[in-house]
Asks: 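One structure, as structure tokens, below. Some questions next.
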Amino acid sequence: MSTSNDPRRDLIALFDEMGSILELLGANGFKVNANRKVARVLEDLTGDITAYRDDPKGLQAMDGIGKSSAEKICEFLRTGRMEEYEQLVAEVPDGLLDVLEIPGLGPKTVRAIWEHAGVESIPDLERAIAEGGLDDVPRMGKKTIQNIADSIEFMKKSTDRTPLGTAMPLAEGLVDQLGAHSGVSRIAWAGSLRRGRDTIGDLDILACCEDAASLIELFQSIDGVEKVLLAGDTKCSIRLDRGIQIDLRVVPEAAFGAALMYFTGSKEHNVVLRERAIKAGMRLNEYGLFPDDGDDEPPQARGIAPVASETEESIYAALELPCIPPELREERNTLETVPELITVEDIKAELHAHTTASDGHLSIEELVAVAKARGFHTIAVTDHSRSSVQANGLDEDRLRAHIDAVREVNEHTKGITVLAGSEVDILSDGRLDYDDDLLAALDIVVASPHVALSQDPKKATARLLAAIAHPLVHIIGHPTGRIINRRPGLSPDMDALIAAAVEHDTALEINANPQRLDLRDVHVRAAVEAGCRIAIDTDAHAESHFDFLRYGVITARRGRCTPADCVNSLSAKALHAWLKSKRS
DNA sequence: GCCGTTTTCGGCCCGACTGTTTTCAGTCG
């Protein structure tokens, strides 16, 4: 394990790795899961992990972290090392964990090829396949070996998880295409896409069709299919040449709700629901919620009528729960209360957009026309500041002329307010890119980090705190600067930023560009809980970018954001009053 | 390893599919 300047990310990697090693060593599966769960809990942590250095009790207060893990975390925070991890790592070859990542290879198989064929890495495995070294491994036939070889090839060229902004249009196209097939009565996407995660592992499509076989046949023949991974009577998995796996399940119409629920997940949410069903004397599976008669054979196979199955709503109701929106079906959420989440229709203002003055493709007039057509009451023109040279950022003189041009357009425009603003760089030390007198001349200031995006968490926190506390700043744009699958961005103490944002009445942005989605879901949730204002902006550089709004909104929903939490859903009057409150 | 309104021990979700097997183990979601 290599250590970074971010102990939280180190610990996530460490617990994940310990889970995998334990799995390979044949440890109790629940222990394996417990380690992985600690990693997930740390993934969702928004505060400063180093504050827990001498506070194992504080860690134990988090659901999923017990005494043992808390002590290990503290040990690592104090010493930079973890004895148990080091012992575990010594027990398996380094490269074996890579072998475990190969699709289709689980812990039992990896262990078998390690013990029987001496495979300790992916290159070892390739050599063993080529030389027939796997032939003596138990349960290892020709087909299995060929599948492993294919999986290795796939892994070599496979990319990262698919960004939401790629997966959503792909799913829409597929649902349209398959939905047009005769006999298809219902079709929907499920999985992490439906939950709105920022990246998607694979795509899950669910359908009802009179003739399942014909739909599965059609599915295997769609454009771009590289390999059919499996094809049964009701289930089929394909892989596209773009490296995305798509699973299709065909289910009876009467069970559509149960199946949709099941395949939407999350896995952890399903487990919670099933446990709840058991406590209520029932059992839940993808065919429905059934009375539990103690028989081991699945109830649907015995003709038992479900308590609920046709709709998700009916199943949640039978479990005495509110209908949980897909975006909230994650482990971190409690189930009893569901807020009225924000929708795309609630958004009435775009507060972060660019024109040809910097690196946008629209003129001021064109930008305003697009915003007006979307039904917005306000559009802010926020071109880049002088330090963003790569984005043709405006120096003081150009900005002053630009402000005049925006005001001019505003005077001649009916039905929408056009604000003169700027997306001002937050320099690496927290200073802003323009002097205060110029900032004060702007209607709206979005302050964003663009450079020095790998500085350590302490510096990043101080930098962003300075911008949040600046009396002329309204919104912090893409606060961490991450780009999905490309750079992790800053890792500030987000709880501290949120507290300061509440104190100074500064909004934190969810940048809706699907490459960013920054703030991310867990940050939004912490902000909303603290009563912080949230902005949802598309950062539009072109007309089509206004369509990014749905990705920002879905991220907001994952953070339990309601219309009342979001500055873009305020009335024009309320929004303008807030903006002016920083110009007194 | 974690957890608790039948608690500090004894549980911890459930089914489809494949490939190897003659009844099931392993993987996946």
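Every chain is numbered from 1 and lettered A, B, ... according to where its sequence line falls, protein lines coming before strand lines.
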Asks: Measuring from atom CZ of A/Phe76 to atom CZ of A/Arg81, what distance do you get when rounded to the nearest 0.5 angstrom?
Replies: 11.0 Å

Asks: Between B/dC13 and B/dC17, how far apart are the P atoms? Round to whole Å, please.
Replies: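 B/dC17 and B/dC13 have their P atoms separated by 22 Å.
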
Asks: Just by distance, with hydrogens left out, do A/Arg197 and A/Ser192 show a side-chain donor and acceptor under 3.5 Å apart?
Replies: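 The answer is no; no qualifying pair exists.
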
Asks: Of all the nucleotides listed (B/dG15, B/dC3, B/dG1), which has the minimum atom distance to the side chain of A/Asp63?
Replies: B/dC3

Asks: Taking the same atom, C1', in B/dT23 and in B/dT18, what whole-Å distance lies between them?
Replies: 15 Å

Asks: For A/Ser266 and A/Arg329, which I'm curious about, is there any donor-acceptor pair between the side chains at under 3.5 Å?
Replies: no

Asks: Work out how far the C1' atom of B/dA16 is from that of B/dC12, and round it to whole angstrom.
Replies: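 Straight-line distance between the two C1' atoms is 22 Å.
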
Asks: Students often get this wrong, so: under 4.0 angstrom with heavy atoms, is A/Leu22 touching a base, only sugar-phosphate, or nothing?
Replies: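 Counting heavy atoms under 4.0 Å across all strands, no contact is made by A/Leu22.
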
Asks: Please state the C1' separation for the pair B/dT20 and B/dA25 - nearest whole angstrom.
Replies: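 The same atom, C1', in both gives a distance of 9 Å.
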
Asks: Using the C1' atoms only, state how far B/dT6 lies from B/dG11, rounded to an integer number of Å.
Replies: 13 Å

Asks: Quantified in whole Å, what is the C1' atom distance between nucleotide B/dT8 and nucleotide B/dG1?
Replies: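 Comparing C1' positions in B/dT8 and B/dG1 gives a spacing of 15 Å.
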
Asks: A/Cys209 and side-chain contact (heavy atoms from CB on, under 4.5 Å): which single residue from A/Leu248, A/Leu218, A/Ile216, A/Val184 fits?
Replies: A/Val184

Asks: Using purine N1 to pyrimidine N3 plus N6-O4 or O6-N4 for Watson-Crick, or N1-O2 and O6-N3 for G-U wobble, each under 3.5 Å, what pairs with B/dT8?
Replies: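 When the pairing criteria are applied, nothing turns out to pair with B/dT8, so the answer is none.
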
Asks: Counting any heavy atom closer than 4.0 Å, what does A/Ala231 reach on the DNA or RNA strands: base, sugar-phosphate only, or nothing?
Replies: sugar-phosphate

Asks: Within the supplied structure, the quantity of interest is the number of heavy atoms (other residues, nucleotides, ligands) at a distance under 6.0 Å from A/Asp233 CG; does it exceed 12?
Replies: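 No - once you tally the heavy atoms of other residues, nucleotides and ligands closer than 6.0 Å, there are 12 at most.
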
Asks: Treating primed atoms plus P, OP1 and OP2 as sugar-phosphate and everything else as base, which nucleotides of nucleotides 20-29 of chain B get B, S or - for protein heavy atoms under 4.0 Å?
Replies: S----BSSSB

Asks: Check whether the side chains of A/Asp247 and A/Ser237 place a donor and an acceptor atom closer than 3.5 Å, and report yes or no.
Replies: yes

Asks: In this structure, how many angstroms lie between the P atom of B/dG19 and the CD1 atom of A/Ile148, rounded?
Replies: 12 Å

Asks: Identify which nucleotide among B/dC14, B/dG1, B/dA16 has an atom closest to any side-chain atom of A/Asn285, counting heavy atoms from C-beta outward.
Replies: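 Among B/dC14, B/dG1, B/dA16, the one nearest the side chain of A/Asn285 is B/dC14.
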
Asks: Counting N and O atoms only, with roles assigned by atom type, does the side chain of A/Asp98 sit under 3.5 Å from a partner on the main chain of A/Ile122, one being a donor and the other an acceptor?
Replies: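 Checking the backbone N and O of A/Ile122 against the side chain of A/Asp98, no donor-acceptor pair under 3.5 Å is found.
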
Asks: Would you please confirm or rule out a distance under 4.0 Å between OP1 or OP2 of B/dC17 and any side-chain N or O of A/Thr234?
Replies: yes

Asks: Starting from the 5' end of DNA chain B, give me the residue, A/Gly232 or A/Gly64, whose nearest nucleotide shows up first.
Replies: A/Gly64

Asks: Nearest nucleotide by nearest heavy atom, which residue falls closer to the 5' end of DNA chain B, A/Val38 or A/Phe30?
Replies: A/Val38

Asks: Round to the nearest Å and state the distance from A/Asp292 atom CG to B/dC13 atom P.
Replies: 14 Å

Asks: Side chains of A/Glu83 and A/Gln87: donor-acceptor distance under 3.5 Å anywhere?
Replies: yes

Asks: In whole angstrom, give me the gap between the P atoms of B/dC3 and B/dT21.
Replies: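 One P to the other, the span is 42 Å.
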
Asks: Is A/Asn270 near enough to B/dC14 that one of its side-chain N or O atoms lies under 4.0 angstrom from OP1 or OP2?
Replies: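 Answer is no, no contact under 4.0 Å.
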
